[in-house]
Amino acid sequence: DRIVTVGTGIESSQVALELADLHEEVFAALGIDPHQAGDAEAGRVDELRELLQHEQAIAVGEIGLDYFRDRAPRDRQRRLFEAQLELAAELGKPVVIHTRDADADTAEVLSRFDGTVVMHCFSSPGLLDTALERGYYVSFAGNVTYPKASDLRGAAAQVPAERILAETDSPYLAPQARRGRPNEPANVALTVQELAKTRRVDPDELGAQIAANAAAAFSLP
């Protein structure tokens with residue numbers, strides 16, 4: 001009954017806030033993603049600070065490192081990541097982390113952040129031990145339903161009940177039953193069903209647990 005929509009740059013963060021203004025059940029996580037670390041967007045962190053003053057802005061993200069697509073120099077990705085973590089610490093907000101093929105650097109940079117961490121669209125089993133040791137929230141998307149994603153399902157089975165989350169990553173990563181079509185928020189139910197099957201729990205109970213976890217992670221009303 002609540003949605004956290006995500007900005008991945010200043011303009012998309014502004015759109016996220018517009019949606020939050022229109023719908024009281026929508027909240028916004030605002031950030032500049034690593035793909036934009038090599039262009040002018042990386043210099044707009046002060047603008048991001050202003051947007052994060054909005055009462056519906058509940059997290060900084062998604063932010064992080066992406067060495068898979070490598071659309072920006074890695075040293076610039078890291079600087080942007082660190083700057084936004086400092087902003088989150090300053091404002092006392094949780095962070096939503098995007099990381100691909102950057103396990104060691106992501107863990108090292110996050111080691112200096114003391115706030116709440118949500119591992120977005122978890123796809124890095126190599127980071128699982130670190131996430132569990134540090135008490136991070138671990139969020140799973142539709143790719144956990146894919147036949148070949150046994151490693152993600154194995155990770156999902158290990159996350160403590162009070163730290164698991166679910167998401168869609170819309171319009172990407174539609175669950176297997178909707179694969180090939182644009183993803184949408186309603187499909188999160190399919191992901192929760194797969195997670196419940198993997199964890200051998202009732203889907204409704206898991207859904208209630210995830211809702212409670214999200215409320216705790218993002219301080220939702």
Side-chain angles (χ1 to χ4, degrees), residues 1-8 16 19-20 23 25-31 33 56 58-64 93-100 106 116-125 127-128 130-132 134-221:
D1 58 3
R2 286 167 292 182
I3 292 173
V4 177
T5 191
V6 179
T8 56
L19 288 169
H23 306 280
E25 71 274 18
V26 175
F27 301 85
L30 312 178
D33 72 25
Q56 297 290 93
I58 47 78
V60 178
E62 59 189 76
I63 62 175
K93 294 187 182 293
V95 292
V96 179
I97 303 301
H98 171 113
T99 179
R100 293 193 72 185
T106 297
T116 299
V117 174
V118 175
M119 302 303 293
H120 148 75
C121 193
F122 190 75
S123 59
S124 301
L127 270 174
L128 183 63
T130 297
L132 299 184
R134 297 179 182 175
Y136 295 167
Y137 289 90
V138 183
S139 183
F140 293 91
N143 52 341
V144 77
T145 70
Y146 298 168
K148 295 182 179 179
S150 57
D151 56 343
L152 295 186
R153 288 188 287 276
Q158 297 179 60
V159 177
E162 68 274 10
R163 285 292 180 267
I164 193 167
L165 295 172
E167 62 180 279
T168 56
D169 199 34
S170 296
Y172 311 109
L173 297 179
Q176 185 66 26
R178 302 284 190 272
R179 203 164 180 181
R181 287 174 269 177
N183 204 0
E184 60 181 271
N187 289 338
V188 74
L190 298 172
T191 297
V192 172
Q193 288 172 12
E194 183 65 35
L195 291 171
K197 179 181 176 181
T198 296
R199 295 168 66 86
R200 300 182 180 180
V201 298
D202 179 77
D204 289 338
E205 290 181 7
L206 181 59
Q209 179 70 63
I210 286 172
N213 293 347
F218 297 117
S219 298
L220 299 178

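Glu167 contributes a side-chain N or O that, together with a main-chain N or O of Cys121, makes up a donor-acceptor pair within less than 3.5 Å. A donor-acceptor pair under 3.5 Å is absent between the side-chain atoms of Glu62 and the main chain of Asp33, judged by distance alone.
Residues satisfying the ring pair (Phe, Tyr, Trp, His ring centres under 6.0 Å) test with Phe122, not counting sequence neighbours, are Phe140. Residues satisfying the side chain to side chain contact (heavy atoms under 4.5 Å, CB included) test with Ala215, not counting sequence neighbours, are Arg2, Leu220. The side-chain hydrogen bond (donor to acceptor under 3.5 Å, both in side chains) search around Arg179 returns Gln176, not counting sequence neighbours. Asp202 meets the side chain to side chain contact (heavy atoms under 4.5 Å, CB included) test with Asp204, Glu205; sequence neighbours excluded. Under the rule for a side chain to side chain contact (heavy atoms under 4.5 Å, CB included), the partners of Arg163 that lie at least two apart in sequence or sit in another chain are Tyr137, Val159, Pro160. Scanning for side-chain hydrogen bond (donor to acceptor under 3.5 Å, both in side chains) contacts around Arg134 gives Tyr136, with sequence neighbours left out. Partners of Ser124 under the side chain to side chain contact (heavy atoms under 4.5 Å, CB included) rule, at least two apart in sequence or in another chain, are Thr99, Asp103, Leu127. With sequence neighbours excluded, no residue forms a side-chain hydrogen bond (donor to acceptor under 3.5 Å, both in side chains) with Thr5. Evaluation of the side-chain hydrogen bond (donor to acceptor under 3.5 Å, both in side chains) rule for Thr130 yields no partner, not counting sequence neighbours.
The shortest heavy-atom contact between Leu165 and Ile210 is CD2-O, 3.9 Å. Heavy atoms only, all atoms of each residue included: Ile3 and Pro185 are closest at CD1-CB, 4.3 Å. Considering all non-hydrogen atoms of both residues, Leu30 and Ala16 come closest at CD2-CB, 4.1 Å. Here the shortest heavy-atom pairing between Ala174 and Tyr146 reads O-OH, 2.8 Å. Of all the heavy atoms in Ala166 and Val192, the pair that sits closest is CB-CG2, 3.9 Å. Closest approach of Leu190 and Thr145 over heavy atoms only: O-CG2, 4.2 Å.
Sorted by first and then second residue, the side chain to side chain donor-acceptor pair (under 3.5 Å) pairs with a member in residues 148-158 form an empty list; sequence neighbours excluded. Applying the side chain to side chain donor-acceptor pair (under 3.5 Å) test to residues at least two apart or on different chains, the pairs with a partner in residues 212-221 are Gln209-Asn213. Applying the side chain to side chain donor-acceptor pair (under 3.5 Å) definition to pairs two or more places apart or across chains, those involving residues 180-197 are Asn183-Asn187.
In this structure, CG on Leu195 lies 5.0 Å from CD1 on Ile164, to the nearest 0.5 angstrom.
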Using the rule given for side-chain contact (heavy atoms from CB on, under 4.5 Å), can you reason through Val6 versus Val96, listing the C-alpha separation, both sets of side-chain angles and the distance that settles it, and then say yes or no?
CA-CA 9 Å; Val6 179; Val96 179; 5.5 Å; no

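The residue from Thr198, Asn143, Leu128 that alone fulfils the side-chain contact (heavy atoms from CB on, under 4.5 Å) condition with Leu152 is Asn143.
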